[in-house]
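To start, the structure itself, in structure tokens.
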Amino acid sequence: KDLLEEAMTEDNDVIVTLVLAEYDLEDHDFESTARRLKLIDDKVPFDSPQRKKWDDMLSIALHQIGDYEGARIAYERLIQQNPNDLQSLNNLAYMLSENLGRPDESMQYVEKANELMPNNAQILDTLGWVQFLAGQREDALRTLRASTEEMRMPSNSLHLARVLLDRNQLEDRGEAE
């Protein structure tokens with residue numbers, strides 16, 4: 001990294017900063033990744049080949065450090081560049097629901113991801129969790145069961161358990177749907 005930083009000039013600062021940010025991201029140094037990328041934001045045009053890589057790394061870094069509004073903007077730019085970007089659609093939907101408390105807003109993103117890749121356990125997990133957070137408990141239960149049938153993962157197993165626990169608690173209080 002030191003050699004790259006020493007070799008940085010005004011002519012190569014964007015590409016060198018992107019490489020350094022990628023190293024930071026691989027090291028899980030999300031603060032440094034975000035800091036580096038923000039330094040060159042105004043130098044990376046929206047239509048440049050580097051912009052997708054920039055937004056991709058920035059969305060991950062900001063999401064990891066808890067800057068959810070900043071990550072939302074980066075994910076939305078990625079989706080604007082590629083409306084069929086499954087990872088960004090799924091990540092944005094999950095973050096809007098889980099971290100920003102906006103499940104109704106996130107539904108459009110996860111539903112599109114599910115249309116593009118139905119029967120994907122990870123997308124079904126996000127869809128089911130968003131449905132649950134939006135108050136669609138029975139839909140969430142069906143979707144999360146489908147997710148775990150496709151592939152059992154820690155996240156979908158946890159989400160299914162939480163939905164089942166919530167359902168049992170509602171039944172105990174006589175409030176089940």
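Taking 4.5 Å as the limit, some side-chain heavy atom of Leu127 sits within range of a side-chain heavy atom of Met107. Between Arg72 and Leu96, the closest side-chain pair of non-hydrogen atoms falls below 4.5 Å. Annotation: side chain of Tyr109 is not in contact with side chain of Val130 (no heavy-atom distance under 4.5 Å). Using a 4.5 Å cut-off on side-chain heavy atoms (C-beta onward), Arg51 and Arg77 make contact. Put simply, the side chain of Leu18 reaches to within 4.5 Å of the side chain of Met57, judged on heavy atoms. Side-chain contact between Leu164 and Arg145 is present, with at least one heavy-atom pair separated by less than 4.5 Å. A heavy-atom distance below 4.5 Å is not found between the side chains of Asn114 and Asn119. Counting only heavy atoms from C-beta outward, the side chains of Gln64 and His28 never approach each other to under 4.5 Å.
Shortest non-hydrogen contact noted between Thr143 and Leu124 is CG2-O, 3.2 Å. Scanning all heavy atoms of the two residues, the minimum distance from Leu58 to Ala34 falls at CD1-CA, 4.1 Å. Val44 and Gln50 make their closest contact through CG1-C, 4.0 Å (heavy atoms, listed as atom of the first residue, atom of the second, distance). Here the closest heavy-atom approach between residue Ser147 and residue Asp125 is recorded as OG-N, 3.5 Å. In plain terms, the two heavy atoms of Ala140 and Gly128 that are nearest each other are CB-O, 3.2 Å. Considering all non-hydrogen atoms of both residues, Gly70 and Leu62 come closest at C-CD1, 3.5 Å.
Two different hydrophobic clusters hold Val110 and Leu133 under the rule that ILVMFWY side chains link at heavy-atom gaps under 4.5 Å. Under a hydrophobic clustering in which Ile, Leu, Val, Met, Phe, Trp and Tyr are joined whenever their side-chain heavy atoms come within less than 4.5 Å, directly or via other members, Ile123 and Leu92 fall into the same cluster. Met117 and Trp129 are not part of a single hydrophobic cluster, where members link through side-chain heavy atoms under 4.5 Å apart. Linking ILVMFWY side-chain heavy atoms closer than 4.5 Å, directly or via other members, places Ile73 and Leu89 in two distinct hydrophobic clusters.
A donor-acceptor pair under 3.5 Å links the side-chain atoms of Lys112 to the main chain of Pro83, judged by distance alone.
Rounding to the nearest 0.5 Å gives a distance of 10.0 Å between CG of Leu141 and CD of Gln131. To the nearest 0.5 angstrom, Thr148 atom OG1 is 12.5 Å from His159 atom NE2. For the atom pair Leu37 CG and Leu20 CG, the distance stands at 10.0 Å (nearest 0.5 Å). Atom OG of Ser48 and atom NZ of Lys53 lie 13.5 Å apart (nearest 0.5 Å). Separation of atoms CG (Leu144) and CG (Asp139) is listed at 10.5 Å; rounding is to 0.5 Å. Summarising the geometry, atom CE belonging to Met153 is positioned 5.5 Å from atom CD belonging to Gln122; distances are rounded to the nearest 0.5 Å.
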Check step by step if side-chain contact (heavy atoms from CB on, under 4.5 Å) holds for Leu86 and Asn120. CA-CA 11 Å; Leu86 287 171; Asn120 176 282; over 6 Å; no
Audit row: Asn156, Leu160, side-chain contact (heavy atoms from CB on, under 4.5 Å) steps and yes/no: CA-CA 6 Å; Asn156 64 7; Leu160 179 58; over 6 Å; no
side-chain contact (heavy atoms from CB on, under 4.5 Å) assessment of Ser59 paired with Leu78: CA-CA 9 Å; Ser59 64; Leu78 285 164; 3.8 Å; yes
Pair Glu10-Lys43, salt bridge (Lys or Arg N to Asp or Glu O under 4.0 Å): steps then yes or no: CA-CA 11 Å; Glu10 196 171 307; Lys43 296 180 179 183; over 6 Å; no
Could you please spell out the steps behind the side-chain contact (heavy atoms from CB on, under 4.5 Å) verdict for Glu76 and Ile79? CA-CA 5 Å; Glu76 287 176 349; Ile79 293 166; 5.5 Å; no
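Heavy-atom contacts from other residues, nucleotides or ligands closer than 6.0 Å to CZ of Arg35 number more than 12. Heavy-atom neighbours of Glu31 CD from other residues, nucleotides or ligands within 6.0 Å: at or below the threshold of 12.
Just one of Tyr94, Tyr75, Tyr68 meets the side chain to side chain donor-acceptor pair (under 3.5 Å) condition when paired with His63; it is Tyr75.
Using a cut-off of 4.0 Å between Lys/Arg side-chain N and Asp/Glu carboxylate O, Lys38 and Asp41 are scored as not salt-bridged.
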